[in-house]
Amino acid sequence: MFTKKYDYVIAGSGLYGATFAHEAKKKNKKVLVIEKRNHVGGNIYTEEIDGINVHKYGAHIFHTSNKEIWDYVNNLVTFNDFINSPLAFYKGKYYHMPFNMYTYFDLWGIMDPNEAKKKIEEEIKKENIKEINNLEEQALSLVGRTIYETLVKGYTEKQWGKPCNKLPSFIIKRLPLRFEFNNNYFNDTYQGIPLGGYTLLINKLLEGIDVKLNEDFLKNKDYYKKIAKQIVYTGAIDEYFNYSLGELEYRSLRFETKKIDKEHYQNNAVINYTDIDVPYTRIIEHKYFEGVNSSTTIITTEYPEKYTLGKERYYPVNDTKNNELYNKYLELAKKEKKVIFGGRLGNYKYFDMDDTIEKALSDAKKYL
């Protein structure tokens with residue numbers, strides 16, 4: 001007979017699992033966090049190399065308009081005032097992002113907002129699209145051909161591994177056009193990077209909580225169910241059920257990180273590569289996230305890949321087929337009375353970081 005040693009065993013130490021664990025501890029619950037990797041933090045994990053906090057799984061910029069969420073994270077760590085202002089590189093030329101007056105000047109030499117609006121409207125009208133059947137038609141109907149072919153098409157096709165005219169239109173619900181000189185990628189009220197890296201934030205959330213690294217929860221699922229009153233599972237929902245109904249689709253990423261023996265490499269935190277002939281989608285120069293002064297720099301090149309078992313899952317492919325399969329797994333999940341499925345993989349949904357915390361707080365309030 002097993003004694004229930006823990007109120008909660010949480011599988012996964014990413015932002016959802018760590019936030020739920022933090023809230024449970026505040027309620028004096030006994031919590032164990034299980035992590036398959038050799039570090040906490042999931043995909044927001046940062047590792048210090050030569051005084052630079054390296055975003056090991058791609059660039060993460062915290063942004064939100066929810067003051068409650070902003071206050072929540074700032075009560076744990078100090079955030080800087082980093083503003084995400086990526087550039088795009090296409091066929092030997094740089095372009096400003098997101099689409100704003102700087103972009104229109106880059107493309108056409110236009111400085112007047114009314115002239116820019118007229119130019120884009122003319123291009124949209126010229127396409128004469130009556131019905132939206134795919135992503136390409138959706139994008140062309142929103143921004144016209146010049147912006148689409150220069151800044152959208154190649155990047156999107158690399159990201160999803162398919163031609164834009166074979167991708168569903170819902171992937172691009174909107175492409176915001178700004179008619180002001182404003183390179184701030186996000187519209188949210190609050191934005192920044194935790195000073196000391198995201199691992200510091202996760203460690204603060206997990207302070208005083210039992211954590212077990214290099215442990216695959218699913219290999220010992222029955223054991224952990226016996227020692228816990230409740231399980232919080234943040235892994236892939238189809239894997240939890242041993243793919244009994246089939247595999248959900250994802251897109252994966254591969255990262256190449258290297259040290260460069262000079263002070264600066266690209267002079268910007270993020271540069272997107274929108275040409276289809278360039279195999280990677282972006283290069284990140286990590287020192288710019290926290291304004292580090294150093295004689296060397298560290299960059300990461302990001303390559304989209306097809307997901308196969310054993311790789312990391314990054315982007316759920318939320319088309320009709322996969323959403324229908326997820327809903328079938330959701331019905332199985334409802335029968336697991338002592339298991340809470342959460343996070344990006346457990347809910348088969350892409351979450352921004354603030355959305356992840358908000359969902360974790362909501363679920364914590366519901367179950368705790």
[X]/[Y] ion pair, N-O < 4.0 Å:
| X | Y | value |
| --- | --- | --- |
| Arg145 | Glu149 | yes |
| Glu331 | Lys334 | yes |
| Lys311 | Glu305 | yes |
| Glu336 | Lys225 | yes |
| Asp7 | Lys30 | no |
| Lys349 | Asp355 | no |
| Glu312 | Arg254 | no |
| Glu157 | Lys162 | no |
| Lys259 | Asp50 | yes |
| Lys125 | Glu122 | no |

How long is the straight-line distance from [atom2] of [Y] back to [atom1] of [X], given to the nearest 0.5 Å?
| X | Y | atom1 | atom2 | answer |
| --- | --- | --- | --- | --- |
| Leu76 | His22 | CG | NE2 | 5.0 Å |
| Ile231 | Ile227 | CD1 | CD1 | 7.5 Å |
| Glu256 | Thr300 | CD | OG1 | 9.5 Å |
| His96 | Phe105 | NE2 | CZ | 10.0 Å |

Is it true that [X] and [Y] have ring centroids separated by less than 6.0 Å?
| X | Y | answer |
| --- | --- | --- |
| Tyr250 | Tyr314 | no |
| Tyr273 | Tyr90 | no |
| Phe20 | Tyr8 | yes |

Heavy atoms of other groups near Asn293 CG, more than 12 under 6.0 Å: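 Incorrect, the count does not exceed 12.
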Show your working on side-chain contact (heavy atoms from CB on, under 4.5 Å) between Lys91 and Thr150 and close with a plain yes or no. CA-CA 9 Å; Lys91 297 193 182 301; Thr150 307; over 6 Å; no
Hydrophobic cluster membership, [X] vs [Y], 4.5 Å side-chain cutoff:
| X | Y | answer |
| --- | --- | --- |
| Ile147 | Ile132 | yes |
| Phe89 | Tyr303 | yes |
| Ile83 | Ile193 | no |
| Tyr155 | Val278 | no |
| Leu325 | Tyr307 | yes |

Start with the C-alpha distance between Phe255 and Lys56, add both sets of side-chain angles, then the distance that settles side-chain contact (heavy atoms from CB on, under 4.5 Å), and finish with yes or no. CA-CA 8 Å; Phe255 301 101; Lys56 295 288 283 187; over 6 Å; no
[X] and [Y]: side chain donor to acceptor below 3.5 Å:
| X | Y | answer |
| --- | --- | --- |
| Ser13 | Glu35 | yes |
| Ser294 | Lys287 | yes |
| Ser65 | Asp188 | yes |
| Asn128 | Lys130 | yes |
| Asp363 | Tyr16 | yes |
| Ser85 | Asn183 | no |
| Asn322 | Asp319 | yes |
| Tyr72 | Glu358 | no |
| Thr146 | Glu123 | yes |
| Glu180 | Asn182 | yes |
| Thr297 | Glu285 | yes |
| Arg313 | Asn43 | no |
| Asp81 | Gln191 | no |

Determine the interplanar angle of the [X] and [Y] rings, folded into 0 to 90°, and report it as parallel if under 30°, tilted if 30 to 60°, perpendicular if over 60°.
| X | Y | result |
| --- | --- | --- |
| Tyr233 | Phe217 | tilted |
| Phe289 | His286 | perpendicular |
| Tyr45 | Tyr57 | tilted |

Does some side-chain heavy atom of Tyr329 sit less than 4.5 Å from a side-chain heavy atom of Leu245?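 Answer yes - side chains close enough.
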Could you check whether any side-chain heavy atom of Val33 comes within less than 4.5 Å of a side-chain heavy atom of Lys212, counting everything from C-beta outward?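 Heavy-atom side-chain distance check fails, nothing below 4.5 Å.
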Under the side-chain contact (heavy atoms from CB on, under 4.5 Å) criterion, do Phe82 and Glu290 qualify, and how do the steps go? CA-CA 7 Å; Phe82 177 83; Glu290 296 181 57; over 6 Å; no
Heavy-atom closest contact (Ala59 atom, Ile284 atom, distance):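 Closest heavy-atom pair between Ala59 and Ile284: N-CD1, 3.3 Å.
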Evaluate the side chain to side chain donor-acceptor pair (under 3.5 Å) criterion for residues Asn214 and Asn38: first the C-alpha distance (whole Å), next the side-chain angles of each, then the deciding distance (0.1 Å), finally the verdict. CA-CA 5 Å; Asn214 300 302; Asn38 64 359; 5.1 Å; no
